[in-house]
Amino acid sequence: MTAAFLYGGAGILLFALGLWSLLVHEPLLRKLIALNIMGAGVFHVFIAVAHRGDGTPPDPVPHALVLTGIVVAVSATALALALHNRLEQDASDSAQSTSTSTAGLLSGLSISPQSDIIRHE
Amino acid sequence: MNRDLSLLIGILVALLAVLLLGVFHSTLALDPGQRLASLALERLPESGVSNPVTAVLLNYRAYDTLLELAVLLAALLGIWSLGPARPGFQPAGPALAAMVDWVVPLAILTGGYLLWVGGHAPGGAFQAGALLGAAGVILRLAGNAGAGLPSEAWQRWLIVLGAGVFSLIGLLLALTGYGFLSYPPGQAKWLILLIETAATIAIGVTLAAAYVGGRPQMAQPPRSPLAPMADPEAKR
């Protein structure tokens with residue numbers, strides 16, 4: 001009983017910490033880690049609930065649900081990381097293209113005689 | 001974020017945690033009452049396996065596992081739709097390469113053991129698949145850009161293997177009159193082993209491919225992102 005409460009209580013604390021971090025922190029990567037910590041807390045509670053006294057064997061149903069949950073959480077995290085990666089890539093690509101176009105414009109200003117026209121456009 | 005707001009959120013979340021702890025404590029103090037555990041353990045001899053967790057995953061609640069394999073497949077398709085994979089790491093140094101030569105076959109061997117032992121002790125398709133996926137991760141970290149995976153066509157077949165074999169067996173059982181995924185008595189063990197083997201390979205390949213993080217690289221050269229972008233800017 002005490003062990004189950006400590007284990008499940010730790011899960012609830014992990015859940016609360018993850019929820020707080022998810023709501024407060026801005027960067028997507030931190031939110032993703034926070035979501036994973038929340039999930040780990042939920043798994044803790046499930047495992048704690050499965051154990052009812054030393055005399056009886058643990059309930060296999062929550063164990064199976066946690067196994068399923070871990071795989072789903074891992075695949076969802078992988079998809080979220082790929083999306084995050086792509087967002088960052090696109091952001092850096094657009095930043096790069098604007099910087100190269102300004103560089104091209106500047107070099108055009110120094111070389112080309114039509115630089116005034118370009119500027120007025 | 002505003003500091004006062006984040007403090008307020010912290011206080012609210014702490015109150016929620018205290019409430020949840022109280023509910024959890026009173027739940028544990030209650031009498032368990034009628035539970036699924038006794039039912040699951042009672043029917044265990046008929047389920048074809050002697051590990052109750054495997055019996056729940058592959059027999060009583062086989063739908064869950066089938067849908068879970070579908071979720072894995074959907075996640076990998078989402079990752080592949082985001083574009084090609086980024087290049088991997090540098091080739092490993094001699095010490096790491098020698099270790100990888102040892103660790104990867106050991107991981108595959110242990111995965112096979114875990115798959116078999118899942119019938120009567122903790123283990124099963126997910127643990128074995130996770131080990132196979134970890135072998136792929138180690139290979140990619142050591143410089144193998146494809147994480148040791150076969151060509152894209154092969155990968156496509158391997159990642160649908162789990163959900164495919166699972167649903168095919170379910171449909172065959174439904175057509176022969178047993179009902180979707182309710183195994184005929186006496187043959188449950190071999191059907192479960194067949195499904196688990198397919199699921200292990202599919203999970204391992206899916207996890208490794210998800211770690212690669214993009215569609216497998218084809219022979220085509222990577223296009224330069226700057227060349228087409230520069231044109232409209234120059235015309236202006």
Side-chain angles (χ1 to χ4, degrees), chain A residues 1-2 4-5 8-9 11-13 15-26 45 48-50 52-53 56-72 74-83 85-86 89 93-94 96-98 100-102 104-105 108 118 121, chain B residues 1 5-6 9-10 12-14 16-17 20-21 24-25 27-29 32 35-38 40-41 51-57 60-61 64-65 67-69 71-76 78-80 82-83 86 124 126-127 129-130 133 203 206-207 210-211 213-214 225-226 229-230 233-234 236:
Chain A
M1 163 78 196
T2 318
F5 178 68
I12 290 175
L13 289 182
F15 178 84
L17 280 173
L19 182 63
W20 175 76
S21 183
L22 176 76
L23 292 175
V24 166
H25 291 125
E26 192 90 10
V45 175
V49 164
R52 282 294 171 92
T56 50
D59 192 344
V61 180
H63 281 247
L65 288 181
V66 168
L67 260 180
T68 311
I70 289 173
V71 176
V72 170
V74 164
S75 52
T77 305
L79 179 59
L81 279 175
L83 282 168
N85 225 342
R86 182 62 196 269
Q89 207 179 332
D93 274 2
S94 61
Q96 211 174 21
S97 72
T98 47
T100 47
S101 70
T102 23
L105 201 60
I118 295 173
E121 274 178 21
Chain B
M1 184 179 269
L5 187 58
S6 65
I9 289 175
L12 286 179
V13 169
L16 177 70
L20 285 176
L21 280 172
F24 182 59
H25 189 265
T27 311
L28 282 182
R35 313 190 71 210
L36 284 173
S38 50
L41 295 171
N51 177 11
V53 177
T54 306
V56 172
L57 278 174
Y60 309 143
R61 296 179 65 94
D64 271 13
T65 310
L67 289 178
E68 175 186 359
L69 290 171
V71 167
L72 265 178
L73 186 60
L76 186 64
I79 290 170
W80 277 7
L82 290 173
R86 287 187 172 184
F126 296 113
Q127 291 87 334
I203 292 169
T206 308
L207 290 180
Y211 180 72
L226 291 182
M229 296 257 188
E233 297 289 334
R236 252 198 276 159

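Since the structure is predicted, the reported quantities are computational estimates derived from the model, not experimental observations.
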Atom pair CD1/NE2 of A/I12 and B/H25 - distance to nearest 0.5 Å: 11.0 Å
Any donor-acceptor pair under 3.5 Å from B/T65 side chain to B/L57 backbone: yes
Region of B/L207 in contact with chain A, defined by heavy-atom distances below 4.5 Å: side chain
Structural part of A/V49 lying under 4.5 Å from a heavy atom of chain B: both
Heavy-atom pair count under 4.5 Å with chain A, highest-scoring of B/I203, B/L76, B/V56: B/V56
Leading residue by heavy atom contact count with chain B [cutoff under 4.5 Å; candidates A/L17, A/L81, A/L83]: A/L83
Interface residue of largest heavy-atom contact number with chain A, from B/L72, B/T206, B/V71, under 4.5 Å: B/L72
Identify each donor-acceptor pair in which a side-chain atom of residues 61-70 of chain A lies under 3.5 Å from a protein atom, sequence neighbours left out, and give them as a table.
residue	atom	partner	partner atom	Å
A/T68	OG1	A/A64	O	2.9

Point-to-point distance, once rounded to the nearest 0.5 Å, from CG of B/L69 to CZ of B/F126: 5.5 Å
Chain A interface, residue from B/D64, B/L67, B/L20 that has the most non-hydrogen pairs under 4.5 Å: B/L20
Minimum side-chain heavy-atom gap B/L16-A/L19 below 4.5 Å: yes
